[in-house]
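When a residue number appears, it is its place in the shown sequence, counting from 1. Atoms within each ligand, like the ligands themselves, are counted from 1 in listed order.
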Amino acid sequence: MTVTFDQILYGGDYNPDQWLEYPEILSEDIRLMKQARINTVSLGIFAWAMLEPEEGDYRLDWMEEIISRLYENGISVILATPSGARPHWLADRYPEVLRVNEDRTRSLFGLRHNHCYTSPAYRQKVRMINQKLAERFDSNPAVILWHISNEYGGECHCPLCQEAFRNWLREKYHTIDEVNRKWNTAFWSHTYQNFGQIESPSSIGEASIHGLYLDWRRFVSSQTADFCRWEIDSLRMAGAQKPVTTNLMYDHSPLNYHQLAEAVDIVSWDNYPDWHKRADSLTAADTGMEHDIMRSMKKQPYLMMESCPGAVNWSSVSKLKRPGVLEATSLQALAHGSDSVLYFQIRKGRGGFEKFHGAVIDHYGREDDRTYQECRRVGLGLEKLRDLRSSRVKSRAAVIFDWENRWALENAAGPRNQGMFYREAVRKSHHAFRRLGLNVDVIDMTQSLEEYKIVAAPMLYMFRAGFEQKARTFAEKGGTLILTYWSGVADEYDLTVLGGTPGGLMDVMGLRSTEIDSLYDWDSNFLVPCMNRETAELPDGKTAPAGGASSWRPENFAETYRCSRLCQLVNVTTARPLFVYGTDFYAGTPALTVNRFGEGLAYYICADAEQAFYDDVYREIAREAGLQGPLSWEIPDGVEVTSRAGSQTEYIFIQNFSGQAAAVPVNRLLSEDSSLSVLLMSSPEIPAPGVYAFSDEVKEELPPFGTLILARGRASARPAAGKV
Ligand code: GAL
Ligand code: ZN
């Protein structure tokens, strides 16, 4: 099922339940929303205590009234199930809904997002309120989507959850002997005699069985997804037909999000980057990667469910977004395939934990406010981009980022317990592709590799879901496969591979990994190109063997690149070294290799190299594989190029996050390709309303945080110059 909307959704979380005693506020909010071109709000996310103030006493009229008022004013509703925060009576009457922590203490009532997902009492109460909401509101034309709960997360170690975990294990392993085998419990004499002895991992109990830890993470993910399905089923049982989503979080490693993505009709997530904390280009690139992760789970348009119009209030330092950043980050979501720009929150609350969290409407309450004006400007821009919705981001390059691999890798008690930097390794590959203007999917090991030309699988410590076979076939049929250090070391139970690594792919890579050197934070080594040379000379007077034939030229590379943290040593069989290590006892041994396998190529990156190495190496790999971005242009640093393909038009976003003006050869690009036209240009320097369409006298410079959108193949290319 692909969920589509008839406009780009613009708006966000709205909490009129906090303002029921101020009827004038609703009218004023509607006026301001319309003026800002807000067309959608999410309602009822934390309204359970207002919807059911006493057990069984449902009060939905106020909600109906608000929904009607909004709809009359052209504002649609994403309606939430309120399970993200429970009312007091529920916890008082059914204490089993309160979570038990890993140290086996039970929480008191308070905060939110902290319920036992196993508790039958909680499930029952959630089912009832969800059904009431579905019966009353699903057929309401204002309601376009269900927002299931809010940011599922955390875990519960209560007796009910322990029993559910044991049942989950029984179903997976059938016998306790099989559990012992797969978890290698003979180590330290931890052999289980029966399932009843199994307890979830705990700092006061079992923390040394990695298979237990992995299965616990899998169980928590599947129990959370099961709870989400329970909520959805409740709506469906009451006749609901509207699509459902649940909002996911940035880089949330404890839950395998693929399982939640499977449960819903459309993926959505909450985007809160720390702008201006480090170089904005890095923040933009990392945010872009998170968008790619979210899109790639279903490979369909998704929603940005939350983002902050101003500054958040929960950061150690909540810095204001500089002018233009809101628009740039909103358009970035669109560029990566989102069909919405939604905020937390429309109106700033008066009290409670989030009273200073940025909002479209401030406590001040009027429109002559910088944040409000920026929101309005974004709204005006999005109206012009309506045709983009439902178009797809198609990628020929993919990077694998696998939740289960991350759990195993980070818990394995391995070469570097003070940080393996998995996400960073993924990010380096991702960014190297993005610098070439390539769209990139970020997928997990269960997904197909077939549609890609290049697949990078950094630090895939664990091979699972038949990855070895998929990777082998992929290379055999002509794909370019990139693996790195610390790959193919363990299986899905975290049992190590016997007989050499990367397990099952040694012939594909043409090498065997022998030892891995862990470096202290202050240590480093370096990598030296050796392709097409008789011998590579190393600074300490040693020489390395020639790299053999390759279309790569040493002059396209720096003389050396720094590497740190992890250095894998390898013995090559059929692979050719392209780089060697520069120093230490393994100086001169391979540090980057390539192997021809079937119709394809397999690269092995041995060390945690600096970004520049990835940039330069991936540029050559992409060239060799014939992959190019959508424009014939060497993209300056900090400028992002992303494209969405509609049925007839390709939309190419050029966004400048570099912090300085960036030259864009628009006129050359237009003259070289007559199907190309300028669709939109926006930047902080252009005064409100902010979005201009133009063609002939295009300025060849994009100011910081400016966005230029080109369209390829539109029927009416080259719109007239001037304001729209
Ligand atoms: C999100 C959450 C919202 C709000 C927001 C503040 O994580 O879903 O309810 O708390 O953070 O930034
Ligand atoms: Zn529990």
Exercise for review: Measure up the F165 and W216 rings against each other and bin them: parallel (under 30°), tilted (30 to 60°), perpendicular (over 60°).
Suggested key: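 Geometry flag for W216 against F165: perpendicular rings.
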
Review point. Do the rings of H258 and W403 sit parallel, tilted or perpendicular, given the 30° and 60° boundaries?
Key: perpendicular

Review point. Which protein N, O or S atoms sit under 2.8 Å from the Zn ion (ligand 2)?
Key: C116 SG, C156 SG, C158 SG, C161 SG

**Study point:** Under 3.5 Å: donor-acceptor pair, side chain of H190, backbone of W183
**Key:**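 Side chain of H190 to backbone of W183, a donor-acceptor pair under 3.5 Å: no, none is there.
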
Exercise for review: May I ask you to establish whether R86 and W48 are in a cation-pi arrangement, using a distance under 6.0 Å from NZ or CZ to the six-membered ring centre and at most 45° from the ring axis?
Suggested key: no

Practice item. Answer yes when E28 and R366 have at least one side-chain N-carboxylate O distance shorter than 4.0 Å, and no when they do not. Key: no

Check your understanding: Would you say the side-chain atoms of D444 and Y257 include a donor-acceptor pair closer than 3.5 Å?
Key ->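 There is no such pair (donor and acceptor under 3.5 Å, judged by atom type) between the side chains of D444 and Y257.
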
Review point. Just checking, is any N or O donor in the side chain of T707 or Q655 under 3.5 Å from an acceptor N or O on the other one?
Key: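 A pair is found: one side chain offers a donor N or O, the other an acceptor, under 3.5 Å apart.
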
Review point. Any chance CD of E24 has more than 12 other-residue heavy atoms, nucleotides or ligands included, within less than 6.0 Å?
Key: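 Buried by this count: over 12 neighbours within 6.0 Å.
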
Check your understanding: Applying a heavy-atom distance cut-off of 4.0 Å, which protein residues contact ligand 1?
Key ->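 Shell around ligand 1 (4.0 Å, heavy atoms): F46, R112, N150, E151, D270, Y272, E306, W314, F344, E354, H357.
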
Point to revise | Pair Y372 and Y364, ring centroids less than 6.0 Å apart | key: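 No, they do not, as the ring centres are separated by 6.0 Å or more.
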
